[in-house]
Each structure stands twice: as structure tokens, then as C-alpha cells.
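Contents: one structure, followed by commentary.
On a predicted model such as this, the values are computed, not experimentally measured, just so you know.
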Amino acid sequence: MINILDKKDCCGCASCVQVCPKQCISMNEDCEGFLYPKVDSAACVDCGLCEKVCPVINQNEPRVPLSVYAAMNSNEEIRLKSSSGGIFTLLALQIIAEGGVVFGARFNENWEVIHDYAETVEGLEAFRGSKYVQSVIADNYKYAKQFLLEGRKVLFSGTPCQIAGLKKFLRKEYENLLTVEVVCHGVPSPKVWRDYLQYKRAQHVVGKNTVSSSIDELPVITGISFRDKISGWKKFGFKICYAASEAAENSVSKSANIDNCEITPFNEDIFMKGFLKNLYLRPSCYQCMARQGKSGADIAIADYWGIQRIHPELDDDKGVNLVLINTQKGQTYFDAIVATLTYTISDYRKAIANNPCIVKSVAEPSQRVLFWKEYESHGVTCIDGICQSMTPSKFKVLFGRIVRKLKSFVR
């Protein structure tokens with residue numbers, strides 16, 4: 001049976017839960033807000049299926065893509081609503097046009113991130129845009145398998161570990177399945193996300209320097225975008241919108257726009273700061289088992305960071321996707337959408353130089369233990385101070401540059 005001794009050995013894909021014939025495994029939240037499987041040993045019959053479908057126990061071999069592209073959706077409206085180049089939407093539209101089903105991550109009514117599926121073009125809207133929180137997979141591997149057995153086309157998108165979990169759960173290849181991996185920096189704590197939203201709602205009511213407010217007085221959130229492009233794709237902002245009310249209208253800051261939305265530059269927002277400093281990622285993210293093409297996905301999509309140097313002709317600061325084609329099936333679907341996109345063939349080595357998360361995990365910061373200790377007492381307000389302590393001084397940055405130049409000169 002599944003027995004997690006080290007939390008770095010579980011990515012939270014829930015493949016074990018969904019495959020269990022006795023339904024004796026459940027996902028339980030730990031003190032950091034991450035879900036882990038728990039087995040009811042009294043009901044377990046030791047069939048071993050949970051271990052057979054675990055993508056951490058049964059890892060694939062690394063692989064390099066068959067082809068690499070820099071690409072963007074020709075529909076500028078959709079591209080601006082997307083985190084980068086809007087390629088996912090084109091692939092999803094192709095599957096819907098073939099009578100298929102698309103799986104992806106969306107917000108629920110409480111702004112938690114869950115996996116779900118859509119069978120209509122209108123339903124794709126909820127999947128568009130990045131969600132920097134680990135989505136709850138629930139029974140979506142089961143639903144995908146049922147659609148596949150019915151003969152319908154299925155596009156399943158998710159983080160590398162979620163795609164790896166699906167592949168292991170299915171235990172065979174399906175010609176009518178297209179898997180799309182969204183290249184992942186790492187997934188932050190859902191607990192921190194929940195507390196952060198509470199903090200933002202309270203801050204919106206009573207002002208920037210205070211967060212005390214009763215729950216009944218907190219405004220209703222009507223929209224969230226992790227990657228708003230009002231200042232461009234490279235300098236994206238975190239956007240949160242609130243329902244109009246007399247209390248909200250009287251307290252909304254002068255910097256808020258007429259839609260009662262607030263946009264904070266990504267490098268000033270405390271949740272994004274902690275996320276990018278890797279403070280509260282899932283433990284397995286520090287040694288991800290699904291990078292380097294090991295997820296088994298047909299296609300991997302990411303932001304094409306560094307596009308201004310590698311393919312400057314495509315850089316309009318509205319978003320460009322890096323597209324990695326890993327299988328012939330993936331190539332077939334990419335070829336099917338070329339008429340609706342702008343693209344160019346690219347170089348894998350140059351691409352990963354600017355997006356290293358494709359091939360290697362982020363480092364676990366030494367301050368992570370301190371963060372969770374401080375979090376118990378101070379909640380999300382401790383993030384800013386810890387992040388500042390992790391930022392090197394201007395002198396250290398300058399000294400590091402000098403050292404690197406001297407080393408280069410010696411060579």
C-alpha cells in the first residue's frame with residue numbers, strides 16, 4: 001500500500017486514490033495545506049494498484065522534444081486574456097470541434113483551484129490563464145478514462161506531475177487522448193493562498209496598513225488574474241476584482257480602476273514574492289520527478305522567456321508560448337492549428353536557457369523552515385520580511401558580477 005514516509009515522495013496527483021478498487025484511500029490536508037493520501041488499512045486488500053500507478057515510484061526516462069516552436073495565437077483578444085501566447089485555447093478549440101472534452105484547472109466559487117472538464121467553447125474560458133496554486137484533481141482521471149472508453153477525444157492539461165499521474169492511472173496509451181503539460185515552476189500552498197485572499201479582502205476594506213475586519217464586512221471577489229498584461233507580458237501584475245458595494249466604493253484606493261479592480265506588479269505582491277522565492281512550494285517540487293519530458297505529455301507549453309533576444313521579430317510584449325512537441329500525435333495537433341497562429345521553429349537549448357524549470361527543479365530555500373515557523377504566529381504578513389532577508393544586497397550583486405567577469409577573463 002501507499003505509505004508516504006517523506007513528503008517529497010508525493011506530488012499529490014491522487015492517482016492512487018482513484019485507482020483503489022476498495023476506495024480506502026483518501027486525500028488529507030497537512031499543516032502546510034497540501035493533500036496527501038491516507039490509507040484505511042482495515043479496508044485495504046494489498047492489491048498493490050496504488051503503488052503501480054504512482055508516478056514517483058514509477059518514473060519515466062527523460063526525453064528531448066521532437067520539435068520546438070515559438071508561437072502565439074493570431075486572435076489578439078484571446079492572447080491578451082491568456083497568460084502567454086494563447087496556444088492552449090487553440091488546441092482546446094480543436095478538440096471541442098472534434099466533439100471532444102477538455103480538462104483543465106479553474107477557480108471554484110471560493111477561488112480555490114480545482115480540475116474540471118468542459119464540452120463547449122464557452123466552458124474553456126474558465127481554464128484560460130495561469131493559476132499559481134495546486135489544483136485538486138479529485139476524480140478527473142476517472143472521468144477522463146470514461147470519456148476515452150466512450151470513444152471521445154480528450155485533451156487533458158495540467159502540471160507535469162498531474163500528466164504523469166494520469167498516464168500511470170490509465171496504464172495504457174489511448175489514441176484519442178492528447179495530453180498537454182503546462183511547464184511548472186512549482187505549486188505553492190493552497191493554505192497560504194486561502195489566507196492571502198482573506199488578507200487581501202480585509203486590506204481592501206480597511207486600508208493598506210491594517211487587516212482587521214469581521215468576515216461579514218469583507219468584500220466579495222468577482223475576478224482574479226495572476227498574469228494581467230495591462231503593463232505588458234514581461235511585467236505582468238496580479239489583478240483582483242471585487243463586487244461593487246457601498247462599503248467597497250467608499251474604501252477603494254485611488255489606484256484602483258473603475259471596475260473596482262486592483263492590480264499589483266508581480267514583484268510587489270506578497271503572495272507572488274513568496275512563490276517566486278520558493279518559500280511555500282510543495283516539498284516534492286524541490287525534486288520534481290516529471291521534468292525533462294518525463295511526464296509523458298504529447299505537448300508541453302510555457303512562456304517563451306528571452307524571446308526578445310532569440311526571436312525579436314515575435315516580441316510585441318503581449319505574450320509568446322514556447323511549444324515543445326514530444327510525440328507524433330502532438331505534432332499532428334500542432335499542425336492542425338498552424339493556420340490560426342504565428343510561429344517560428346526554435347532551438348531547444350536556447351529555450352531552456354531562459355526557462356530552466358523545463359529541465360530542473362527549483363532549489364529549496366534555507367528559509368523555508370523559518371517561514372512556516374513565522375507563519376504560525378503572523379500569517380501571510382511574514383512573507384514580505386522573509387523575502388527581503390533573502391534578497392542579496394547591491395554590494396553582493398555587484399561583487400558577484402565582478403567575480404564572474406574575472407572568471408570569464410581567466411578562461
Side-chain angles (χ1 to χ4, degrees), residues 11-19 27 35 53 55 78 81-84 86-109 111-184 187 190 226 290 295-302 321 323-324 326-327 329-330 332-334 336-337:
C11 64
C13 71
S15 182
C16 57
V17 176
Q18 296 177 75
V19 81
M27 296 295 282
L35 297 175
V53 301
I78 292 179
K81 291 179 180 179
S82 305
S83 293
S84 49
I87 300 302
F88 165 76
T89 296
L90 292 176
L91 292 168
L93 286 171
Q94 183 65 31
I95 291 292
I96 294 293
E98 296 176 8
V101 185
V102 176
F103 286 78
R106 68 168 179 86
F107 292 114
N108 66 10
E109 63 277 5
W111 298 102
E112 299 163 322
V113 184
I114 63 171
H115 243 71
D116 202 355
Y117 64 86
E119 301 179 75
T120 65
V121 172
E122 294 75 19
L124 299 178
E125 179 75 24
F127 299 151
R128 195 174 293 133
S130 297
K131 286 93 176 172
Y132 293 132
V133 188
Q134 183 167 34
S135 64
V136 178
I137 284 288
D139 287 331
N140 280 283
Y141 292 168
K142 286 184 178 180
Y143 300 149
K145 183 177 181 179
Q146 185 58 45
F147 286 127
L148 291 169
L149 292 174
E150 291 171 2
R152 295 183 68 179
K153 298 285 181 69
V154 171
L155 186 160
F156 199 102
S157 66
T159 60
C161 61
Q162 289 174 335
I163 298 299
L166 171 69
K167 290 279 194 171
K168 297 302 178 184
F169 170 83
L170 294 175
R171 291 184 286 167
K172 61 173 282 188
E173 292 295 325
Y174 287 83
E175 187 57 37
N176 49 330
L177 171 67
L178 177 69
T179 49
V180 178
E181 164 193 322
V182 180
V183 171
C184 177
V187 290
F226 282 95
S295 72
D298 297 298
I299 299 175
I301 56 177
N321 274 121
V323 183
L324 308 177
N326 298 317
T327 66
K329 186 194 301 180
T332 298
Y333 270 94
F334 183 83
I337 64 171

The complete set of salt bridge (charged side-chain N to carboxylate O under 4.0 Å, His left out) pairs with one or both residues in residues 126-147, sequence neighbours excluded, reads E125-R128
Carefully, step by step, assess F147 and Y117 under the rule ring-ring contact (aromatic ring centres under 6.0 Å, His included).
-> CA-CA 11 Å; F147 286 127; Y117 64 86; 5.1 Å; yes
Practice problem: Evaluate side chain to side chain contact (heavy atoms under 4.5 Å, CB included) for F107 paired with V133, printing each intermediate quantity in order. | Solution: CA-CA 10 Å; F107 292 114; V133 188; 5.9 Å; no
Residues T327 and A297: closest non-hydrogen pair is CG2-O, 4.4 Å
To the nearest 0.5 Å, atom OG of S83 lies from atom CG of N321 at 9.0 Å
To the nearest 0.5 Å, atom CD1 of I137 lies from atom CG of L35 at 11.0 Å
In this structure, CG of L155 is separated from CD1 of I95 (nearest 0.5 Å) by 5.0 Å
With sequence neighbours left out, the residues meeting side-chain hydrogen bond (donor to acceptor under 3.5 Å, both in side chains) with S15 are none
Interatomic distance, CG@L178 vs CD@Q94, rounded to 0.5 Å, equals 10.0 Å
* Asked: With no hydrogens and no angle check, is any side-chain donor or acceptor of N176 less than 3.5 Å from a backbone partner on L148?
  -> yes
Nearest heavy-atom approach of T159 to C184 is CG2-SG, 4.1 Å
Note: A164 and P55 closest approach over all heavy atoms is CB-CB, 3.8 Å
>> Any side-chain to backbone donor/acceptor pair from T179 onto D298? Under 3.5 Å, distance only.
In response: yes
Assess whether side chain to side chain contact (heavy atoms under 4.5 Å, CB included) is satisfied between V136 and E112, documenting all intermediate values.
-> CA-CA 9 Å; V136 178; E112 299 163 322; over 6 Å; no
Aromatic ring proximity, centroids under 6.0 angstrom, H115 and Y141:
no
Original post:
Within 45° of the ring axis of Y333 and under 6.0 Å from its six-membered ring centre, is that where the NZ or CZ of K329 lies?
Top reply: no
Checklist line | Side chain R152, main chain G99, donor-acceptor under 3.5 Å | finding: yes
Closest heavy-atom pair, A105 versus V113, reported as atoms and distance to 0.1 Å, is CB-CG1, 4.0 Å
The complete set of salt bridge (charged side-chain N to carboxylate O under 4.0 Å, His left out) pairs with one or both residues in residues 90-109, sequence neighbours excluded, reads E98-K153, R106-D116
When rounded to the nearest 0.5 Å, the distance separating CG of L177 from CG of L170 is 6.5 Å
One pair to check against side chain to side chain contact (heavy atoms under 4.5 Å, CB included): E181 and Q162. What are the steps and the verdict?
CA-CA 8 Å; E181 164 193 322; Q162 289 174 335; over 6 Å; no
task: Count the heavy atoms belonging to other residues, nucleotides or ligands that lie under 6.0 Å from CD of E150, then report whether that count exceeds 12.
output: yes
Whether the side chain of S295 engages the backbone of I163 through a donor-acceptor N/O pair (distance < 3.5 Å, no angle test) should be reported. no
What one should report as the nearest heavy-atom pair of S157 and G104 is OG-CA, 3.4 Å
One should read off an interatomic distance between I78 CD1 and T89 OG1, to the nearest 0.5 angstrom, of 5.5 Å
Closest non-hydrogen contact found for V102 with A92 is CG2-O, 3.8 Å
